[in-house]
Structures are given as structure tokens and as C-alpha cells.
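So you know, we letter chains A, B, ... as the sequences are listed, proteins then strands, and number each from 1. Since this is a predicted model, take the numbers as computed values, not measurements.
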Amino acid sequence: MADKQTELLQGTLDMLILKSLGLGPLHGLGISRRIEQVTRGTFHVKPGSLFPALHRMEEEGWLSSHWGESENNRRAKYYQLTKTGRRQLESETERWGRISLAIARALEAS
Amino acid sequence: MRVFQILRGLFGRERADRDLDAELRAHLDLLTEEKFREGLPPVEARRAACIELGGLEQVKEDVRASRSSAWLDSFGRDVRFGARQLRRNPGFTAVAVATLALGIGATTAIFSVMESQLWTPLPYPDSEQLVDVHVRLVKNPRQWDVLTPNAFLVWRSEARSFTRMTAYNYPQARNLTAGGTSQRIRVMAVASNFFDTLEVPLARGQAFTQKEETYGAERVAIVSDSLWRNQFQSDPELIGKSILLDGEKYAVVGITPPQLRFEHLEEPDAFVPVTLDPAAAVAPRNTYAMGRLAPGISREQARAELALLLKRDPNTQSRLEEDTAAVSNLRETWTEWAARPLYFFAGAVALVLLIACVNTAGLLLARGLARRREFAVRSALGAGRAALARQSLVESLLLALGGGAAGVVLGLWLARSFSAFLPESAIPRHTAILLDWRILLFALAITFFTALLAGALPAIHSSRADLHQGMRQGEGGTLEQKRARASLVAVEVALGLLLLFGAGLFLSSFFYLRSAPRGFEAAGALTYRVALRGEPYAQPDAMRRYFERMAQEVGSLPGVRGVTYGSGLPLTGSESFFANVNVAGRPPAKPHGEAVILHSVAPNYFQELHIQLLAGRVFQPGDGAGAARVAILNANAAKELFGGENPIGKVLEFVSDPERGMAARDPVEIVGITHNAQEYGADEVPFDTVYLPFAQNPVAAAYVLAYSEIPRGTLFGAIRAAAYRLDKDQPVFDVKTMDDLIEDSLHGARINLVLVASLAMLAIALVSVGIFGTVAYFVQGRTREFGIRLALGAGPASIARNTLAQALGMGARGLGLGLLSALILGRLLQSQLYLVPHEHTGMLYGVSIDDPLMLAAAMGLMLAVLLLASYVPARRASRVDPLVALRHE
């Protein structure tokens, strides 16, 4: 399984976190599992990368957090998108679209 | 937003940390539950969860590092840690802080002196727009203070580069008679628009009119605020009343505001109109012009316009066609003469600061070695090189900040006592030295510079901590570290040698100045001045009679052995009269004649002052007003005017040059040649002096000199009484002994010597501390080795010799380096330090930069300091107890 995992591109982690929170608030583990799920196991986000990113994005004002109950009645810290965060997601998505298109073209050309 | 986050990061840190902890624990619980549901037994599930999380503390550290306040956080931690370390070593901290305080203090002191003396704008609105303007004689560019009324009047009315242009005279002493007593006050002659040009309006009354600038106009005066308050008791009715200056009535028309300060001139007590009559064509001596540049006009543009006006004007063209205009910043013009010594001392102070930095670097390095194990442990626990280096730098920064704070206080105190120690004539501006933001900013910059300089080497070394070596805590440090310390000592020795050598040059220069032949001898004589003013002395004959009677009166006082008088005495050169002469019957060598100093002297002048006669005769009582005109030359003038020829019997003609303020005089026959007597001091340019009999050439202001055994106070009381009997309106002033005059002439050299010597002593003290510390440290490192040697039978003397040899090895490199830099610096500064012939700008007299004796003496002294500073540690090394030493870790 470890072999199949791909290193996250610089800057993509933020986008994936924002994307995973698009449908609603999640706690840290939830975000991690959602990313694994939507990328079909390609990306596995380690806590050592996830939590610094979450705290940094909260400082940036893209995320807000609150303590809540998990599905199994456990206390957990939930993160959700702020308005700025939503805007950031849009611009990141748009930027990513351009980059991937460009790279795809470059690869096709040769 | 960002700032807010940082602040919240700083102050809410604990809460955030607790929150983070709870969050991660919750995460772990969720993870464990997930594993449990996947079918793992509880213990296994927990273990798998922990593995996946990958170390709780590490994740926390990663999160903390990602916060925007992270750098502040770690900086704060470094500061707290550093402060704790410094507190734990109070001895080390005190020495380092004191060293840096001395360095930073001396630097701050010289900076604040330079700031207040050279760089602060003069105290007028927009004062940097004020410029000095004058005519530069192309043939004699050194004589810069030339101003002819003609040129000035043309400039003032026609130059477009200036919003205003005005003229003023250097304040001169005059007699003010008020309330029944006479006193000397300083009076400045100024043009009508003087206060307008300064943009300082009068407090009361009005300025002079242009009509009052001409000869024969009504006499008017403006009094200063302080004179008005102190002398006239703030009389609100003073305007319109008259005051008596030199016995003449002046109507007061205005009073200056209290904030008017000149700083760069002697503060005047009163102002009178300057006479700028073009018909008179004679500018009073020491008359200067200044202008306020129009907005957007450069000094060069202004100069070009003035030069053009000078060429175009028919009145000036005929005589001064080779002359041109000069325009310079007013502040710089008046403070320039002090700039060179100040820059020189700033350089010397910078050397002291460098020594302080090197010393502190040495101390930090030594402590770094003592703490090698600590650094190794921290490095083993995962501290990066950058973190270790940062920790080192933060410690040196803390030391520098401590030193800087103490240094600012010390520096201001030094700067103030420095200005108090100087006589008024030695400082260009009379300003208070205040702590302002520029000084603070400078001190802060110097502090950071110091921290970086002193901390860089130790930081590099501590970041290179070798784990293996460090844990073993071997002895003496690595070879590289030893080398670093030894080079620091070498650098210190080199810097110390430079300052010692400099001090040696100033010391020998001072003694040369002191022992140079003065050409006269008047030990114990008392001198004073009288400047005759007023109607009774309009005729020269009245002046002659006054001084003849004064000599008789004082000579007949009991206890007085001899009296003489003259328009000038040796060492009073600044009060001299000048004239231009040509030898009669010979084509003039120079178009305007040879410039000479003129002294009108009593017949017994040469005998009383013991000025040696080389040829011919001295003046006799028979050389009176009616007799043939005679003169005596000094040896310089005889050589300059006649070369090898015998001047006795030759006739000198005076060049009459009303344009340059020189009146016509009758030709004189040379009857004698005397030895040169110093006019200013030993370091003067050789002056050509012509002596005339006082009776044939009386002057209003003269010096009287009296020899007596009776105490100075008693004698002077009797003299004052005699002067009162002669004429009660003529005050006696400038009472001094000839020995005072000699000391005064050495004053500048003495100040330089004291300054350089104190800097050198400071440097030596710092260097000895540095050498002592290093050698002691090396000895400490070799304790075990010494123990083994002693145990194997080496004598204590050989151990001490070994240590001293090591110290000498370090010192020898330093001496070589210092010698080289002294020679190079000497070459570069030679022309700045020397007395350049025919210029009064040198700081050294009679010494040579290459003086081998001085170099040897400085090196010998430095060597002695080196040996002395290493003697104590060397002795300690030789007294090591082998048993203790072998157990020494």
C-alpha cells in the first residue's frame, strides 16, 4: 500500500483539505479519510502534515473550528470552511485546472 | 490581521497548546476506535493508532512551528535560555558587558560630539540654505576671508540665486559704559538685512536701514536679549535711549529675541551696522558675507552667477580680474577646522570598539568550549546547526544590549565631560549635547553590529559542535578552536599596538612642541591689554603718550623690575597687524608685495623679552616720531626678502592697498635683525615679522608686560589702580602671564595627547584582559599535560617558560600584523596628521610616521603587556600539583 501512495505536490494538500470540507464540517481523522476516499487511496495524509496544515489554514482565516461530538459520541475538533476559505477553494480549483491542463498538453505534445 | 494572529499566538499560547493536546488525543482515540472496529484487539488497536499518528510530541512541535508566531516563539525561548545562562555566570557576564559598554560608550560619545558639532543644522529656520560667499584670490587661495564692499554690494543687489545676501563682522570686544562702570562686551557689525537673512525677526524695535550702513550715518545699535535683561534690567523703554560704546553714543533701535543663538561665533552682546560704503573701498577685517540660496538653486549655480557678476562689474574688474567667487555651506565653513581631528579620533575610537568586540568574541569562544558538552547534548537531541548558531548569537546580542544600554549612559557622560574639558576656543560650536533619536539609533546600530561581530565566530564554532569530541569533553578544544583563539589575541595585539603607536606619536609631538626654541624668554612676566577708545585718542600721538606713561607708572610700582609694551607679544599672533612690503629700488618680486606681520614695539621690547639680536641694533628712545623711520626684521623676513644679502641699511616700502584694507605708510630703513620669536606656537608656519618703533607707529590696542616678584593678585591690583589714574574710561583686560600664553599655545596638542592617550590606555586595559583570559584558558586546557610533565620531572620554570613561549607566539603574529598596519595607515594618513608646510592643519609636530624608535617603544610596551598579562596564568601553570592535575578532567 505504501508503494502506491504518491507524494503530495506542494500546495495540493491545502486544496484537498478545502475540497474535503466542501460538503460540511469534519474532524481531523474525517478529513484524512475523506481525502483517501476521494483519491481512491492515492494520497494518505499523515497527522504530521495534516495538523500543521489545519492550524496554518485556520490562522489564514480559511477554516474555523469548534469542538463537537463524533458519530460515536466522542469529543472531537471539527473544522469547517469560512467564506474566505470557500473563495480560496474556488481560486485554487481554477488554478489547478489550468496547471493540469497545461501539463497534460505538454506531455501530449512530446 | 497578521499582527493580531501573532499577538494571539504569543499570549494565547498556553491555551492553544492545551487545545492542541486535547485535539490530538481525541484524534488518537478516534483512530484507536477505527482500528478496533477493523477487528484488532484493543491493545493492538491502540498500538497501531500510535504508530499511525507518529509521535504525539513531534506532531505538536510541527504544528507549533507552522504558526505565524513560531519565529517569535523560538526567539523568546532563545532569549529566556540565554538570559538564564548569563545569570548563571555573573562574572563572565559582568566582564563582557563592561567591555562592550566601554567600546559602545566611547563610540557613542564621539558620535554625539560629531553630531552636535559638525552635522546638526545651525539654529535658524531652513539653515542649510545659508551659504558663505567670498572672493577667492586665485593667487592666494588660502586667504579666503576676502570681501570688498564693492563686490558685495554688486552681488547683493544683482545676484538672482539668493533670496537674500548679507554681511557681518566677527564679534569684537568693545567697551560698554553703563551705570558708571566700563566693561568689555562683544559687538558684531551686521548689514541691514542680517536678521531677515537668518529669518529670525527681532523681539522689539526694528533692524538697521541701508542708509545706516554708510560712513557718517547716525550711530545706532541693537542689543541682545541677555544684555537687555542683565545690563539694562529688561528696561521696556530702552529703545530710543542711548548706550555708550567706546565712549561714543549709540541709539538703541532694537532688541533680539531670546532664542537667537550663533553657536559657531562668539555670542554677541550687541549689534551695530557694518559699514559698506563703496567710496571708502576698505572692508573692515574679518568681514564675511552670507546668503540664503533661492529654492532649487545649487551652490555651483550660485557661484557661477557671482563669478560672472565679479567679472562684469567695472569697479572690481580692474583690480581683481584674476579673482573668482566661492560659495560654501555656512555650517561647514565654520566647523570645517574641527572636522579633521574629530574624524581622526572617531577612527581611534573605532579601533577601541573593535578591540572590545574581539575581546568579547574571545570570552564567548572560551565559554563555548566550556559548554561543549551542553551543545553536544542539544545537538544529539535534535537541535539543528542553525538553532545552535542562533542560540549563540542571541547570547551575544543580549550581552551587546546590556553593553549598549550602559554604553549610551556612559557615552553621554563622556561626551559632556569632554566638552567641559575643552576650552571654548577648541570647540567650533557651543551646543549642548542631548540624547536624541539619532544618537539612540546610532547606539542601537552599533550594538547590533557589535553583537554580530563578537558573536559570529563563537556561533560558527558552536554550530560545528562535534558530537563525539563534545561528549568526551576532552581537553583544550580542537586545534581549529585553539587557532581561532590565538588569532583573536593576535588581532587584539595588533589593534593595541596601533593605538599605542599613535599615542606615542602624539606624546613625542607634544614634547617636541614644548621644547622647541621659542625665540624669547619671559618667565614669570605678567601681561595685560589696553584698547584705547574714544575721542581723546583720535590722534596717534595720544596713544603713544598713554602707553609711555603707562610704562612709567607701572615701572615705578614697588617690586616691578621691568616693563615693556607692544602691539603684539610672542604667542599672541592672532591679534597681529599685517602689511605688504617691497624692497625699495628693486623690482617687486610679487605684484602685491610680501605679506609680513607688523609689531609696533617699545624701545626696550627686545631686551625685556630676551629676543636675541643677530645684526645691527635694537630700537632706541631716539627713534621717536620726528626721527628717521626705522625697522627691525626677524630672521625669517630677512631671509625671505634679502636672501643672502645684508639687509641693514636697506629701505622697505609699504604697499598701499585700500581695496584690501592696507593704509599707506612711510618707507622704513632696516637697522637690525633679530632671532625669530614664535607668533602662535612651535608648529606655526615661519612668519616674516617687521618690528617698528611704537613712537613712530602708535596703535590703539597694545599689550603691556611687567616683571615683578610680588604676587600676581597684588601686582595686578596696583596696575589696575595705575590704569585708573591714567584714564578711568580705559579698562585693562586679558590679564595673563607669559607662562599662561605658552601653556595656551600647547593646549590643542595637550587635548589631542590626553584623548589619544586615554584611548590607548583603555585599549591596553582591554587587550590585557583579553590576553590574560586566553592564556589562562590555554593553561587550564593543558593542566593534565603539565601534571604529567611535572610528574616526569620537568621543573616548574620550564612549564612557565613553555606557557610564556606560547603567549609570545600569539603575540608575535599580532605585533607583525600591527606593525604592518601601522606603516600602511601611517602612509595613508600622513598628510592628514602632519603639519603640512604653510598650513595650520597638522596634528603632529616634528615626528615621523616611520620613527623606528617610536615603533620599537610601542612594540616593547605591547610585549611587556603581553608578558605581564600571561605571567599570572603561567605561574599558575608551573605550580600545578601533579596529583590534582592527573585527576583533572
Practice item. Identify which part of E23(B) has an atom lying under 4.5 Å from any heavy atom of chain A, answering side chain, backbone, both or neither. Key: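 The answer is both parts of E23(B).
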Point to revise | Winner by heavy-atom pair count (cut-off under 4.5 Å) against chain A, out of D29(B), L31(B), V63(B) | key: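 Max contact count across the listed options: V63(B).
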**Study point:** Q391(B) and F81(B), any side-chain heavy atoms less than 4.5 Å apart
**Key:**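 Contact flag for F81(B)/Q391(B) side chains = yes.
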Check your understanding: Going by heavy atoms in the side chains, are E58(A) and S64(A) under 4.5 Å from each other?
Key ->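 Answer no - side chains too far apart.
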Check your understanding: Salt bridge or not for R37(B) and E34(B), using N-O below 4.0 Å?
Key ->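 The answer is no: the pair does not qualify as a salt bridge.
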Review point. In terms of side-chain geometry, is the basic nitrogen of R33(A) or E52(B) positioned less than 4.0 Å from the acidic oxygen of its partner?
Key: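 Salt bridge flag = yes for E52(B) with R33(A).
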Point to revise | Residue R74(A) versus chain B: region with a heavy atom under 4.5 Å | key: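 Interface part for R74(A): side chain.
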